[in-house]
Amino acid sequence: MKLQNDLLLRAAKGEKVERTPVWLMRQAGRILPEYRAVRESVSGFIELAQTPELAAEVTIQPVDLLGVDAAIIFSDILVIPEAMGLPYEMVEKRGPWFPNTVSSEEDLKKLRIADGANDLSYVIKAIEITKKNLNGRVPLIGFAGAPWTIFAYMIEGSGSKTFSKARAMLYKEPAFSHRLLQMITDSTINYLKAQIEAGADLIQIFDSWAGILGPDQYEEFSLRYISQICDAIQEVPKTVFAKGAFFAREAMGKLNCETIGLDWNMGIAESRKLIGPNKTLQGNLDPAALYGSPEQIQIATQKMMGEFRGSRHIANLGHGVYPDIDPEMVKVFIQTVKDFR
Ligand code: CP3
């Protein structure tokens, strides 16, 4: 099906666009009362993510309600550990929790490489329904976590300020760490290929915990695997968002992907210099800017747009939108991007 609005895809590929496309990380979620209503009709986040009709519904909500230029499939990065044999729970107000973690060769033997289409058939079904119901209005973004970020949760068992157990593993058991990272990478490639087959028009890799590694470890334990994923996926444009990896910008410029996501700590002009002219940059307004007044949001957004002007850009925040942001303020951000010339 031909897309009516393909701004995102053209911007990703560096083709000419009439205006800069805009979407928000975490746009399908708690900022919308309409999401919370659907969420309350089921037992929890996981049931919602595993019910394809409902996952498709909340995926499309921000397209209707906010006017974004892309939908992102409603799911989570932690479906990969689950598909590999390590299930998670989403604890209300606290976040993800794994009843079992991985710490030995024995644990590794209990895991398998996920195959995507079967092990994650509920996500694949949700993508198919979403594509049908979007009816070509905007592109659909598929996604996965970067292997390092997934590894961090599988070792740690939950979120953490330091992920010290996961980082300790890199020092104590590097060979074991590489084996697990390779299993996650193979699973992720299978999963992303299945998403693309089902209709995902672009894929994004989230390396949310990139910033807790030093540059050498980041190269060895994260970038190497992201690079494998980028090389394996040729079908659609790819975006790599590595939060906090300011030290890896030059290296990211050499990845086999079209777009690099910037967080709000990364200067725009400096990032462009380090990454080079041949990538689209995505971002990077501080999500906290949306707590300001409409006038303040307009000023901050125009400043950001001005700094990106004249080079390949997809507008977004520098990380996911915070759940208590007023959707009206999200609309001010989106409209300001759309009006910018
Ligand atoms: O972006 C979207 O709108 C699509 C859906 C999406 C979710 N999670 C839904 C979700 C995406 C792309 C993610 C990615 C994700 N999940 C990341 C990478 C992006 C980032 O923020 O750095 C990470 C680290 C996770 C893991 C995760 N999932 C955490 C730490 C939490 C708890 C904290 C929180 O935000 O609540 C989740 C839960 C989660 N994932 C929710 C949603 C809508 C909230 C659960 C609920 O509705 O109760």
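Since the model is a prediction, treat every value here as computed from it, not as a measurement.
Under a cut-off of 6.0 angstrom, the local environment of CD in Glu235 is crowded, with over 12 non-hydrogen atoms contributed by other residues, nucleotides or ligands. The local environment of CZ in Arg341 is crowded, with over 12 non-hydrogen atoms from other residues, nucleotides or ligands closer than 6.0 Å. Residue Phe176 places its CZ atom among more than 12 non-hydrogen atoms of other residues, nucleotides or ligands, all under 6.0 Å distant. Environment of CD in Glu197: sparse, with no more than 12 heavy atoms of neighbouring residues, nucleotides or ligands closer than 6.0 Å.
Here the closest non-hydrogen pair linking Ser187 and Ala114 is OG-N, 3.0 Å. Minimum heavy-atom separation, Gln302 to Thr336: CG-CG2, 3.7 Å. Here the closest heavy-atom approach between residue Asp207 and residue Ser222 is recorded as OD2-OG, 2.6 Å. For the residue pair Leu192 and Ala144, the shortest heavy atom distance occurs at CD2-CB, 3.8 Å. Looking at every heavy atom in both residues, Arg26 comes nearest to Val321 through O-CG1, 3.2 Å. Of all the heavy atoms in Pro99 and Glu89, the pair that sits closest is CG-OE2, 3.6 Å.
For the atom pair CG of Leu9 and CG of Asp69, the computed distance is 10.5 Å after rounding to the nearest 0.5 Å. If you take CG on Leu180 and CG on Leu111, they are separated by 6.5 Å, rounding to the nearest 0.5 Å. Once rounded to the nearest 0.5 Å, the distance linking CZ of Arg19 with CG of Asp339 reads 9.5 Å. Taken to the nearest 0.5 Å, the CD atom of Gln282 stands 5.0 Å off from the CD atom of Gln204. Taking CD1 from Ile229 and CG from Asn256, the interatomic distance works out to 12.0 Å, rounded to the nearest 0.5 Å. Atom-to-atom distance recorded for Lys13:NZ and Asp6:CG is 7.5 Å, nearest 0.5 angstrom.
Comment: Glu106 engages Lys109 in a salt bridge, judged by a side-chain N to carboxylate O separation of less than 4.0 angstrom. Salt bridge Glu219/Lys254: absent, no basic N to carboxylate O contact under 4.0 Å. Between Glu173 and Arg179 there is no salt bridge, since no side-chain nitrogen of the basic residue lies less than 4.0 Å from a carboxylate oxygen of the acidic one. Taking 4.0 Å as the cut-off between side-chain N and carboxylate O, Asp64 and Arg137 count as a salt-bridged pair.
Side chains of Val138 and Trp23 form no contact here, defined as non-hydrogen atoms less than 4.5 Å apart. Two residues are said to be in side-chain contact when any heavy atoms from C-beta on lie closer than 4.5 Å; Leu66 and Lys331 meet this criterion. Side-chain contact check for Arg30 versus Phe45: every heavy-atom pair is 4.5 Å or farther apart. Counting heavy atoms from C-beta outward, Tyr122 and Val79 have side chains that approach closer than 4.5 Å. Taking the side chain as every heavy atom from C-beta outward, Leu290 and Val332 never approach each other to under 4.5 Å. The shortest side-chain heavy-atom distance between Asp119 and Arg112 falls under the 4.5 Å cut-off. Counting heavy atoms from C-beta outward, Leu7 and Ile314 have side chains that stay 4.5 Å or more apart. Looking only at side-chain heavy atoms (C-beta outward), Glu307 and His313 stay at 4.5 Å or farther from each other.
Under the 30°/60° scheme for interplanar angles, the aromatic rings of Tyr88 and Phe98 are found to be tilted.
Judged by distance alone, with hydrogens and angles left aside, the side-chain atoms of Thr59 form no donor-acceptor pair with the main-chain N or O of Ile73 at under 3.5 Å. Using modelled atom types, no side-chain atom of Gln217 and backbone atom of Leu213 make a donor-acceptor pair closer than 3.5 Å. The main-chain N or O of Lys273 is never found under 3.5 Å from a side-chain atom of Arg249 such that the two would form a donor-acceptor pair. Remark: the backbone N or O of Gly67 is paired with a side-chain donor or acceptor of Lys338 at under 3.5 angstrom. Between the side chain of Lys243 and the main chain of Gly211, no donor-acceptor pair closer than 3.5 Å is present. Between the side chain of Ser177 and the backbone N or O of Met169, at least one donor-acceptor pair lies under 3.5 Å. Using a distance-only test at 3.5 Å, with no hydrogens or angles considered, a donor-acceptor pair links the side chain of Glu156 to the main chain of Lys165. In this structure a side-chain-to-backbone donor-acceptor pair under 3.5 Å is present from Ser160 to Thr162. Side chain of Lys238 to main chain of Ile205: no donor-acceptor pair is present (N/O by atom type, distance under 3.5 Å, no hydrogens or angles). Remark: side-chain polar atoms of Thr301 are not paired, donor with acceptor, to backbone N or O of Gln298 under 3.5 angstrom.
When each of Ile203, Ile127, Leu202 is paired with Ile196, the side chain to side chain contact (heavy atoms under 4.5 Å, CB included) condition holds for Ile203 and for no other. Applying the side-chain hydrogen bond (donor to acceptor under 3.5 Å, both in side chains) test between Arg312 and each of Asn278, Thr280, Thr259 identifies Thr280 as the sole match. A ring pair (Phe, Tyr, Trp, His ring centres under 6.0 Å) with Phe163 is found for exactly one of Trp209, Trp148, Phe151, namely Trp209.
For residues 317-327, every residue pair satisfying the side chain to side chain donor-acceptor pair (under 3.5 Å) rule, not counting sequence neighbours, is listed here: Tyr291-Asp324.
Hydrophobic clustering of Ile, Leu, Val, Met, Phe, Trp and Tyr side chains at less than 4.5 Å, counting indirect connections, unites Ile80 with Phe143. Leu48 and Ile124 fall into different hydrophobic clusters, where Ile, Leu, Val, Met, Phe, Trp and Tyr residues are linked whenever their side-chain heavy atoms come under 4.5 Å apart, directly or through other members. Note on Leu108 and Tyr225: same hydrophobic cluster, where clusters join Ile, Leu, Val, Met, Phe, Trp and Tyr whose side-chain heavy atoms are under 4.5 Å apart, directly or indirectly. Cluster membership for Leu274 and Met266, using ILVMFWY side-chain heavy atoms within less than 4.5 angstrom, is not shared. Val17 and Met305 fall into different hydrophobic clusters, where Ile, Leu, Val, Met, Phe, Trp and Tyr residues are linked whenever their side-chain heavy atoms come under 4.5 Å apart, directly or through other members.
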- Task: Give the intermediate values and the outcome of side chain to side chain contact (heavy atoms under 4.5 Å, CB included) for residues Thr188 and Ile150.
- Result: CA-CA 10 Å; Thr188 302; Ile150 298 301; 5.6 Å; no
- Check the pair Phe246, Asn265 against side chain to side chain contact (heavy atoms under 4.5 Å, CB included), reporting the backbone distance first and the verdict last. CA-CA 8 Å; Phe246 60 90; Asn265 296 109; over 6 Å; no
- Passes side-chain hydrogen bond (donor to acceptor under 3.5 Å, both in side chains), Asn190 versus Asp115? Steps please. CA-CA 5 Å; Asn190 291 339; Asp115 83 343; over 6 Å; no
- Message: Run Phe74 and Tyr35 through ring-ring contact (aromatic ring centres under 6.0 Å, His included) and show every step you take.
- Response: CA-CA 11 Å; Phe74 183 82; Tyr35 166 82; 5.5 Å; yes
- Item | Residues Ile141, Thr239; criterion side chain to side chain contact (heavy atoms under 4.5 Å, CB included); working and verdict | CA-CA 10 Å; Ile141 302 170; Thr239 299; over 6 Å; no
- Query: Between Lys279 and Met252, is a side chain to side chain contact (heavy atoms under 4.5 Å, CB included) present by the stated rule, with each step listed?
  - Reply: CA-CA 10 Å; Lys279 296 257 189 277; Met252 286 194 284; over 6 Å; no
